[in-house]
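Just so it is clear: chains get the letters A, B, ... in the order the sequence lines come, proteins before strands, and each one is counted from 1.
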Amino acid sequence: MNLLALETSTDTGSVALWLDGALSERVFVTGEPAGSTHSHTLLPAVRALLDAASLRFADLDGIAFGNGPGAFTGLRVACAVAQGLAAAHDLPLIPVSTLEAMALSSGGERVLVALDARMGEVYWGVYCAGVAQAPLIVAAPQDVPLPEGAGWLACGNGLAAYPLLAERLQAKATAFQPQLMPAASAVARLAAPRLARGERVAAADAVPVYVRDKVALTVAERLAQGGRA
Amino acid sequence: MLILGIESSCDETGVALYRSDDGGRLLAHALHSQVAMHEAYGGVVPELASRDHIRRISPLLRQALAQSGCSLAEIDAIAYTQGPGLAGALLVGAAFAESLAMALGVPSVPVHHLEGHLLSPLLSRTPPRFPFVALLVSGGHTQLMRVDGVGRYTLLGETLDDAAGEAFDKTAKLLGLGYPGGPALSALAEKGTPGVFRLPRPMLNSGDLDFSFSGLKTAVLVQVRELGGESALAETQRADIAQAFQAAIVEVLVKKSSAALRLAGLDQLVVAGGVGANRELRRQLDARAKKTGATVYYPEFEFCTDNGAMIALAGALRLQAGTPGKAAGSFAIRPRWPLADLVA
């Protein structure tokens, strides 16, 4: 089974190729070289990865992508590219949660994931043996609900961005991986068994999961707050 | 050649298929407008626009393919709007188009949104012939252009501040007509009595072909305040102000368009953009054309608003004119892209 995975939910983007369990990956970072964005680098990286494996797009069996949460624009780049590549050869799409991919990458059994959501908040997920224990949330470091028990592994750049959160987790976590970020290889590892089981998502439903869903106030809400129409 | 066109620069997602052989034919044209979604917010919310584009684009592609009876394997190139427009919105269409083109092994054709509008009259059942003058009036643009051929555009004049459609929408808001209130304002203006209120004709005699509409909106604001505020307006006053506003904006558009034809020495005027559907504007333009012997072309309304058909057409004409397609892959959008930078 040949599976391509895309991950551009943060400044560090990556693409991975799963060939019957053998993984290859390419990583690219926004601003390296100066001025580069995921729009510049993502598709050439996909091409390079396929070329290195002597594969054509038609040889793929499915396309996976990190569907969030993360940077809104990055999520849409991966999603739109996945949709476009999949449409060409009518391939199944497998959306994978970025936080779930991070939990897998951490190697931990009981994992707390905190991805910097900017604006003083983190995206927060709690995983036991890879299964989400609660719906993902976006919350300020002081409002993140602490899990039951101790011995957790905490990961993600939210820990580095918000020392307060790391501090609150001192009693709960025994290991910290503040440098861990979402990676396409983890997306591929999660997507491969789903693809093998025949899971597929219609392109219209393969949209990003933003978690931060309130992005503007309606006229009625502005007026209710004493603002202007 | 079969060209797929994708538009996502603002609040409309459009996907179309155009065949350029034998004089050209539009095979399919699927569109989703987000106007209703943005209504509650009193204007276009860029993040919400982007979120909607990505939900719509794949289903619209399927719809266009079904309409045309074509398969993706038959497509020779994929044109998409590279700019100008909302960055996040442009990115969805560009990423989708480039990746689809790459996986199909065909070139992409990044298109300037305004070039799409300028060439859109050629989709009409009765198309103009080059050269012509185009009056582009929408919520985002107010420009007079001389169009000599594909890639041969000369800017004759443009708005220095608000676009005409923007002035309609903002003035409608001042009159309590909601968003987007332009069409409601035009409907109300039909009931108004001419001459009750008199509003300025900004830059009517400026001696050039530029426009300015923000002062007109301010004049309405002052007028409404003098009458005790929006809530104090009688229905007839509201209609009379709407009438005065529309009369002012139409007079300026008609006089400047007429002057543009005269200066360019041409007798074909093409009206593109959403405001081109305004009935009073059409009446006045037709009346003026009758006197001067000019012909006015109005593209069908579906081609006046943003759409994928004009992008497919622009891409097809570019390729026909010898512009090489781009190797699909690395891409960049251009949210700000002066038309002056566009060359053949």
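- Using a cut-off of 4.0 Å between Lys/Arg side-chain N and Asp/Glu carboxylate O, B/Arg51 and A/Asp213 are scored as salt-bridged.
- To the nearest 0.5 Å, the span separating CG on A/Leu43 from OG on B/Ser99 amounts to 5.5 Å.
- The contact between B/Val92 and chain A is made by backbone and side chain atoms together, counting heavy-atom distances below 4.5 Å.
- For chain A, the nearby parts of B/Ile54 are the backbone and the side chain; heavy atoms of each come within less than 4.5 Å.
- Proximity to chain A is absent for every atom of B/Ile333, based on heavy atoms less than 4.5 angstrom apart.
- Two residues are said to be in side-chain contact when any heavy atoms from C-beta on lie closer than 4.5 Å; A/Ser39 and B/Leu91 meet this criterion.
- Contacts with chain A were tallied for B/Ala332, B/Pro59, B/Ser50, B/Gly88; B/Ser50 has the most, counting heavy-atom pairs under 4.5 Å.
- The choice from A/Asp205, A/Val81, A/Leu75 that makes the most heavy-atom pairs within less than 4.5 Å of chain B is A/Val81.
- When heavy atoms are compared at a cutoff of 4.5 Å, A/His40 approaches chain B by way of both its backbone and its side chain.
- Side chain of A/Arg56 to backbone of B/Ala103: no donor-acceptor contact under 3.5 angstrom is found.
- Taking NE2 of A/His89 as the reference point, atom CG of B/Leu72 lies at 9.0 Å (rounded to 0.5 Å).
- Contacts between A/Val207 and chain B at a heavy-atom distance below 4.5 Å involve the side chain alone, from C-beta outward.
- Between the NE2 atom of A/His38 and the CZ atom of B/Phe331 there is a distance of 11.0 Å, given to the nearest 0.5 Å.
- Among A/Leu217, A/Val77, A/Thr73, the residue making the largest number of heavy-atom pairs under 4.5 Å with chain B is A/Leu217.
- Between A/Ala87 and B/Leu61 the shortest heavy-atom distance is CB-CD2, 4.2 Å.
- Classification of B/Glu47 and A/Arg76 as a salt-bridged pair holds, one side-chain N sitting under 4.0 Å from a carboxylate O.
- Note that the CG atom of B/Leu100 and the CZ atom of A/Phe57 stand 10.5 Å from one another [nearest 0.5 Å].
- Atoms CZ and CG, from B/Arg62 and A/Asp90 in turn, are 8.5 Å apart once rounded to the nearest 0.5 Å.
- When the shell of 6.0 Å around CZ of B/Arg336 is examined, it contains 12 or fewer heavy atoms from other residues, nucleotides or ligands.
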